[in-house]
Amino acid sequence: MNLTHTKLQPFPHSPPLTHPTFLFSSRSLLPFPRNLKPAHVSPSFLYKKHTLLRYGCFGVSRSRTRSSISEVEEEQKQKPVLVKRAYPFDEIEPKWQRYWEQNRTFRTPNDVDTSKPKFYVLDMFPYPSGAGLHVGHPLGYTATDVLARFKRMQGYNVLHPMGWDAFGLPAEQYAIETGTHPKLTTLRNINRFRSQLKSLGFSYDWDREISTIEPEYYKWTQWIFLQLLKRGLAYQAEVPVNWCPALGTVLANEEVVDGVSERGGHPVIRKPMRQWMLKITAYADRLLEDLDELDWPESIKEMQRNWIGRSEGAEVEFCVLDSDGMETDMKITVYTTRPDTIFGATYLVVAPEYTLLSSIVSTEQRESVEGYQDIASRKSDLERTELLKEKTGVFSGCYAKNPTSGEPIPIWVADYVLGSYGTGAIMAVPAHDARDHEFASKFNIPIKWVVTPNNGSCVESGKAYSGEGIIVNSSNLKVGLDINGLSSKEAAYKVIEWAEKVGKGKKKVNYKLRDWLFARQRYWGEPIPVIFLEDSGESLPVLESELPLTLPELDDFTPSGTGEPPLSKAVSWIKTIDPSSGKPATRETNTMPQWAGSCWYYLRFMDPKNSNELVDKAKEKYWSPVDVYVGGAEHAVLHLLYSRFWHKVLYDIGVVSTKEPFKCVINQGIILGEVQYTACKDTYENYISADSADVLGEYLQEIIPEERVVKSGEFFVLKDNPNIRLIARAHKMSKSRGNVVNPDDVVSEYGADSLRLYEMFMGPFRDSKTWNTSGIEGVHRFLGRTWRLIVGSPLHHGAFRDGTLVTDEEPTTEQLRALHKCIAKVTGNRRDKVQHWNFCNDGVH
């Protein structure tokens with residue numbers, strides 16, 4: 001059969017791009033009465049349908065598809081089809097997957113025709129864990145695959161690569177437990193991930209595959225670090241860090257939960273250590289301002305704005321008093337965003353790790369303060385700043401002088417103040433800050449009102465008023481400051497002006513954003529390309545010509561327990577010579593964090609085999625920026641922020657041509673495990689309704705299988721006792737809950753098309769969704785019905801005849817009209833309908 005014989009073939013005459021990645025409803029397939037059997041369809045129309053199906057090009061609204069699937073399910077219940085294989089995915093999918101691999105169908109040539117438009121669609125590349133993929137991974141991968149295929153058919157040069165974020169703590173922990181080198185474990189996991197992705201039929205360009213653990217890749221990660229070092233953006237500092245003795249490494253704040261490590265549940269303490277830092281704060285304003293130019297969801301941009309946390313205020317000095325109430329030379333500088341309330345500051349709070357605390361604390365209070373410091377060191381920053389937690393603190397035994405009122409105020413130590421934010425000290429105004437009010441109420445500290453609401457309304461008793469208003473009780477002619485009667489903004493300006501005039505403070509812009517802690521006490525990470533002269537300790541960069549600085553082979557990956565990284569055991573590797581002076585030197589033994597390799601990988605995909613530069617300028621200029629970047633919401637802040645920071649540095653030094661790396665970012669929702677039904681029981685093990693269980697206080701729970709459950713109105717109840725309401729809840733997939741669904745099992749039973757189609761029609765792309773096996777069964781039956789449009793009805797013994805119903809006949813005008821209506825529905829009425837397909841909160845319009 002001549003597949004190209006038609007005057008109106010709508011797509012390029014090239015090998016099939018996919019086994020049917022069906023993105024259509026039954027209505028789009030059937031421009032004829034629904035009760036008309038497939039045998040009555042014109043063969044030429046089926047030819048056109050067959051061509052379109054092979055290219056996987058249909059797309060319609062989700063609501064329409066849901067309707068068609070439910071119709072199919074209902075039809076199947078009423079009239080079951082007894083066939084051996086309704087849709088022979090086990091023949092179709094392996095055949096075309098072999099074809100694509102042998103013919104490198106989805107390869108993007110190294111040199112493309114740059115006169116054609118480009119489309120760079122990228123998934124956030126995965127960490128290859130030992131568990132392999134779960135069904136949540138293909139959600140984003142399928143969406144980007146739809147876009148990649150669609151853009152190819154529109155004539156775009158498409159870049160759609162895949163790689164591996166392969167350094168990280170899990171592989172190192174497994175190496176410690178089993179003695180297996182982390183590279184062996186990682187490569188094994190990569191092979192498993194790759195095999196799973198290929199079985200799902202994604203159109204990745206595997207010729208561009210990269211891995212962050214390969215020296216050819218991390219050579220350029222190290223090169224970027226050297227550029228940061230040259231520009232003063234990488235430096236060393238003694239900073240308090242989250243130290244986990246059991247893991248033998250420093251953990252980021254997000255890796256610490258409830259005072260223990262997220263991995264393994266080991267105790268974590270705060271400990272000062274020498275660390276490499278990256279000065280991301282130098283780019284804070286640009287990171288903030290350039291958000292406005294991005295086509296990102298506003299929620300993601302707002303998360304980044306909050307993380308950067310720019311605020312304008314003032315730094316004010318409070319003089320520390322001695323035991324006789326006299327001023328000393330010691331000053332506590334506080335940062336405040338509300339200088340208008342300074343007359344209401346009735347106490348100061350310093351962080352437990354405040355640098356001057358040991359000099360401030362009284363002899364009588366020293367033991368109490370040191371005990372409190374020890375407790376605070378075991379908490380993460382997130383725990384300490386949790387708004388709902390009960391406030392704790394201890395009096396330092398010392399006082400300071402409020403510079404405006406002249407009154408002595410106590411200095412307290414409390415963990416809700418962080419040493420890493422501002423100056424590590426705050427002035428507490430309990431009348432106008434809820435957190436300070438709670439603390440003052442607990443410890444009987446005076447509360448002084450200095451702001452009244454503009455509308456004169458009364459403030460609720462026992463609560464702080466944090467809004468702006470008219471200033472009261474704020475005058476001290478002895479120091480030359482009177483702000484009574486002014487608005488909050490006017491008062492703030494006048495206080496700053498006064499503080500600068502008398503040398504008590506200054507205007508200040510502050511950020512919540514902290515410099516990036518860029519060192520880990522791990523083996524399995526990129527070596528930091530720095531050496532230290534033995535005689536002076538001076539740090540020097542490794543010569544660029546000596547990159548990559550590769551990891552030495554080690555047999556012992558266990559932590560030293562002292563804070564020294566595992567690389568300190570590679571004695572022969574550590575000792576080196578400074579090539580410039582010939583002096584003996586030692587190598588840096590910390591390694592880079594896992595974030596490093598993932599900060600710039602999108603650039604390497606543009607030119608993955610280039611050994612002379614990070615990326616060819618012409619290729620970067622053509623492919624940049626990434627047009628669509630899809631990944632989990634858990635990366636909405638740090639990964640994106642770090643990538644943007646590095647990209648701006650590379651922009652400043654002329655490596656890249658754009659200010660931002662990602663034009664459009666989309667976060668897919670989480671796929672939850674199947675709904676779990678739980679019944680409540682009293683202490684006698686009698687079933688009780690879930691709506692009355694809380695009254696008992698204590699009750700037992702029993703998981704109920706789905707076949708014993710029925711829906712009653714808005715609730716689920718026991719089938720044999722409808723009076724017993726059940727708890728129905730879907731949980732995040734995890735091994736501990738036993739609710740992980742392996743895509744290998746789904747593909748084996750239903751095929752990759754069923755999985756991909758089902759995930760695309762589960763619900764709005766950004767929302768969390770619940771896995772339902774009966775849903776994929778319905779999709780699979782739908783594909784069977786579609787398949788019968790092509791091959792005809794099954795024979796009496798259940799098998800299908802050889803060949804299909806397609807012919808080379810010219811389509812009729814009516815058939816062409818139906819075809820082009822379908823194409824218009826997919827691509828029309830919107831700038832790029834497929835690109836927005838199922839990404840919008842309410843689906844396609």
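Fair warning: this is a prediction, and the values are worked out from it, not measured in the lab.
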Compare every heavy atom of [Y] with every heavy atom of [X], then report the nearest pair and how far apart it is.
{"X": "Glu353", "Y": "Leu418", "result": "OE2-C, 3.8 Å"}
{"X": "Met124", "Y": "Gly631", "result": "SD-CA, 3.5 Å"}
{"X": "Thr180", "Y": "Leu184", "result": "CG2-CB, 4.2 Å"}
{"X": "Tyr354", "Y": "Gly424", "result": "CD1-O, 3.6 Å"}

Under 6.0 Å from the [atom1] atom of [X], do we count more than 12 heavy atoms belonging to anything else shown?
{"X": "Asp535", "atom1": "CG", "value": "yes"}
{"X": "Lys619", "atom1": "NZ", "value": "yes"}
{"X": "Lys512", "atom1": "NZ", "value": "no"}

Check for me whether the distance between the ring centres of [X] and [Y] falls short of 6.0 Å.
{"X": "Trp646", "Y": "Tyr283", "value": "no"}
{"X": "Tyr642", "Y": "His635", "value": "no"}
{"X": "Tyr602", "Y": "Phe662", "value": "yes"}

Going by atom types alone, do [X] and [Y] pair a side-chain donor with an acceptor below 3.5 Å?
{"X": "His160", "Y": "Thr108", "value": "no"}
{"X": "Glu620", "Y": "Ser657", "value": "yes"}
{"X": "Asn189", "Y": "Tyr127", "value": "no"}
{"X": "Trp296", "Y": "Gln304", "value": "no"}
{"X": "Thr591", "Y": "Trp524", "value": "no"}

Before giving the answer on salt bridge (Lys or Arg N to Asp or Glu O under 4.0 Å), spell out for Lys230 and Glu544 the whole-Å C-alpha distance, their side-chain angles and the decisive distance to 0.1 Å.
-> CA-CA 12 Å; Lys230 286 179 185 177; Glu544 292 181 13; 2.7 Å; yes
May I ask you to decide if the ring planes of Tyr523 and Phe557 are parallel, tilted or perpendicular, using 30° and 60° as cut-offs?
-> tilted
Inspect the contact between Asp290 and Lys648 and indicate whether a charged nitrogen and a carboxylate oxygen are less than 4.0 angstrom apart.
-> yes
